[in-house]
K.L.:
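Pasting in a structure now, in structure tokens, and then I'll have a few things to ask.
Read the numbers this way: they start at 1 and go in the same order the structure lists the ligands and their atoms.
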Amino acid sequence: MNLARQIEQYLPRQLLELVRDISGQAARQGQRVYLVGGVVRDLLLGYPNFDLDLVVEGDAVKLAQQVAETSQAKLLAHQRFGTAKLRYENSTLDLATARKETYAKPGALPTVTPGTLEDDLVRRDFSVNAMAISLAANDYGELLDPYQGKNDLEHRLIRILHPESFRDDATRILRAVRYERRLCFELETQTAQLLKQDIPMLDTISGDRIRHELELIFKEKQPEFVINRLAELEVLPRISPFLKGDGWIVKKFDEARHLKKPTQLPSLYFCLLIYSLSETGIEQFLARLNIPAKLSRAIRDTLRLKTRLPLLDTSPLKPSETYYLLREYEPLAIQANAIASEPSMAQRYLQLYLTKLRYVRTSLDGEELKRLGISAGPEMGKVLQALHKAKLDGEVRTRADEKKLALSLSRKL
Ligand code: ATP
Ligand code: MG
């Protein structure tokens, strides 16, 4: 099957020019170069994906350097072991030397040596990700599909390439489910059986790698369906014993995504994912996934605040009281609790803090207070704090109000 015409139609102009430059340069050097992986899959499905990965039978770094010398493309980075990144206008693409991988033991990173395209495809995760398109002059556009990936695309199946696949690298368990949900595919029968059987192999994977896969899941459009499917397959508790996926996760992840400014969405998903865990459960989760310090803080704060929510529900609080109560928590933890809690007074306080209170500033600053005759030091600190409190509670509104209050306070101090 030849996809030359589809490539021309599918790729944006800059990328197409870059691909042509690479292809031409490779031909002059007698190296063969291919489009591989996700872009081939998505091109066949007709989905946009302009994250191009190219594989070179030869030396990818040398090829990239020569393309950079002879065209307007720039070499962004390269590594000792045969990978390089090229940029042209606003587009980038990755080039890699075709590699052969062998696994010394399950879960370990593979030993890598240069290889052929065949070697490079056989090490891949699923048949739909193990296709290539030739960019060589003599067979430009030809589809290379040794594992019938195209057939699996047509039947909407995720299939591993050999029975040892999940044992070699159990992150593929998470990847399989991620693609299955993203593409609305099914796990092919034997793949599904082996996946279930090899779930314990997740124990061979480092925390950093598992976390990375979760981060990739959290970048999906609807990660909740991946999480639920992982729960259904009993993969989730193998990562951390009390993790659950259910209707609650679906509802809350959806709410998180529909926030006006969903900053740090992946981190917010993490905080919601652990919401039903106990302190011990959370500590186990943080340790297993080697969660970095900042996110760990937000996750621990989420639980700490959750246990204090009843306090916000008992008696009416002044805005300043709400502020002092909540300012010690990471905003992410407050956001997670605002989403996770049911409509209540507590939830309204969390919202008030997030949308207003945390941004309240006095109009007067230290310099202006000095001009009013208030000396720097503890006195000024007290005045500023009192002004801020009054502003939070709506007792001062204008600069003039603040000046008046500052002067009267300083007289009393
Ligand atoms: P997308 O980026 O759309 O999720 P992709 O196919 O580009 O899909 P990447 O994670 O960017 O996925 O990886 C690029 C390619 O590398 C994949 O298509 C797959 O062939 C291969 N790959 C990635 N991770 C693994 C793995 N753990 N085992 C085997 N092959 C892998
Ligand atoms: Mg990709």
Side-chain angles (χ1 to χ4, degrees), residues 10-11 15 34-56 60 81-86 91-104 106-112 115 117-133 143-150 152-153 157-185 191 194-195 198 201-202 204-206 208-223 225-226 235 266:
Y10 179 84
L11 292 183
L15 269 179
Y34 307 86
L35 270 180
V36 289
V39 62
V40 181
R41 176 197 68 220
D42 288 339
L43 188 143
L44 286 167
L45 287 168
Y47 298 159
N49 177 351
F50 306 123
D51 258 349
L52 298 204
D53 284 306
L54 272 67
V55 158
V56 183
F81 191 83
T83 64
K85 197 182 257 308
L86 280 172
S91 301
T92 60
L93 59 71
D94 292 302
L95 280 148
T97 301
R99 58 201 276 181
K100 186 175 176 145
E101 289 184 350
T102 41
Y103 288 86
L109 289 177
T111 315
V112 177
L117 177 76
E118 291 293 308
D119 294 325
D120 201 282
L121 293 180
V122 72
R123 72 178 177 88
R124 289 178 185 257
D125 46 8
F126 312 114
S127 63
V128 295
N129 284 346
M131 293 181 275
I133 298 176
L143 179 70
L144 293 120
D145 180 17
Y147 304 100
Q148 287 76 50
K150 186 165 173 292
D152 285 337
L153 277 185
L157 293 173
I158 300 295
R159 181 198 303 270
I160 44 175
L161 304 189
H162 59 88
E164 295 295 307
S165 185
F166 291 129
R167 304 184 70 80
D168 283 348
D169 177 358
T171 64
R172 291 172 187 162
I173 293 176
L174 304 174
R175 297 178 63 84
V177 176
R178 180 159 63 86
Y179 288 115
E180 183 209 34
R181 290 298 89 198
R182 181 204 297 177
L183 300 169
C184 292
F185 278 26
T191 299
L194 288 166
L195 184 149
D198 288 336
M201 299 306 288
L202 281 166
T204 65
I205 305 295
S206 71
D208 286 342
R209 293 187 68 212
I210 301 245
R211 188 184 69 250
H212 177 65
E213 289 302 326
L214 274 184
E215 286 163 354
L216 290 177
I217 291 172
F218 290 158
K219 286 187 189 148
E220 293 290 322
K221 279 212 184 86
Q222 294 184 305
F225 297 113
V226 183
V235 172

K.L.:
Only heavy atoms of R178, strictly under 4.0 Å: list the atoms of ligand 1 that pass.
P.N.:
4 (O)
K.L.:
Considering only heavy atoms of R123, which atoms of ligand 1 have at least one such atom less than 4.0 Å away?
P.N.:
29 (C), 30 (N)
K.L.:
Spell out, as yes or no, whether a donor-acceptor pair under 3.5 Å connects the side chain of R172 to the backbone of S165.
P.N.:
yes
K.L.:
Would F126 count as a contact residue for ligand 1, given that I'm defining contact as a non-hydrogen atom of the residue lying under 4.0 Å from a ligand atom?
P.N.:
no
K.L.:
Determine whether any heavy atom of D51 lies closer than 4.0 Å to an atom of ligand 1.
P.N.:
no
K.L.:
Without swapping roles, check the side chain of Y47 against the backbone of V39 for a donor-acceptor pair under 3.5 Å.
P.N.:
no
K.L.:
Is D42 in polar range of ligand 1, meaning some N or O pair under 3.5 Å apart?
P.N.:
no
K.L.:
Which of these, D125, L52, L216, has its nearest heavy atom closest to atom 30 (N) of ligand 1?
P.N.:
D125
K.L.:
Any sub-3.5 Å donor-acceptor pair from Y179's side-chain atoms to N129's backbone N or O?
P.N.:
no
K.L.:
Who are the salt bridge (Lys or Arg N to Asp or Glu O under 4.0 Å) partners of R123, not counting sequence neighbours?
P.N.:
E101, D120
K.L.:
For the 3.5 Å polar cut-off, considering only N or O atoms, please tell me whether G37 and ligand 1 meet it.
P.N.:
no
K.L.:
With E215, which residues qualify under salt bridge (Lys or Arg N to Asp or Glu O under 4.0 Å), at least two apart?
P.N.:
R211
K.L.:
Please determine if R182 has a nitrogen or oxygen closer than 3.5 Å to a nitrogen or oxygen of ligand 1.
P.N.:
yes
K.L.:
For P48, is there any backbone N or O sitting under 3.5 Å from a side-chain donor or acceptor partner on D42?
P.N.:
no
K.L.:
If we only count N/O pairs under 3.5 Å, is R172 in contact with ligand 1?
P.N.:
yes
K.L.:
Show which atoms of ligand 1 fall inside a sub-4.0 Å distance from at least one heavy-atom site of T171.
P.N.:
27 (N)
K.L.:
Give a yes or no on whether atom 20 (O) of ligand 1 lies under 4.0 Å from any heavy atom of the protein.
P.N.:
yes
K.L.:
Would you mind checking if D145 and K150 are paired as a salt bridge, meaning a charged N to carboxylate O distance below 4.0 Å?
P.N.:
no
K.L.:
Near D169, which atoms of ligand 1 are under 4.0 Å from a heavy atom of that residue?
P.N.:
26 (C), 27 (N), 28 (N)
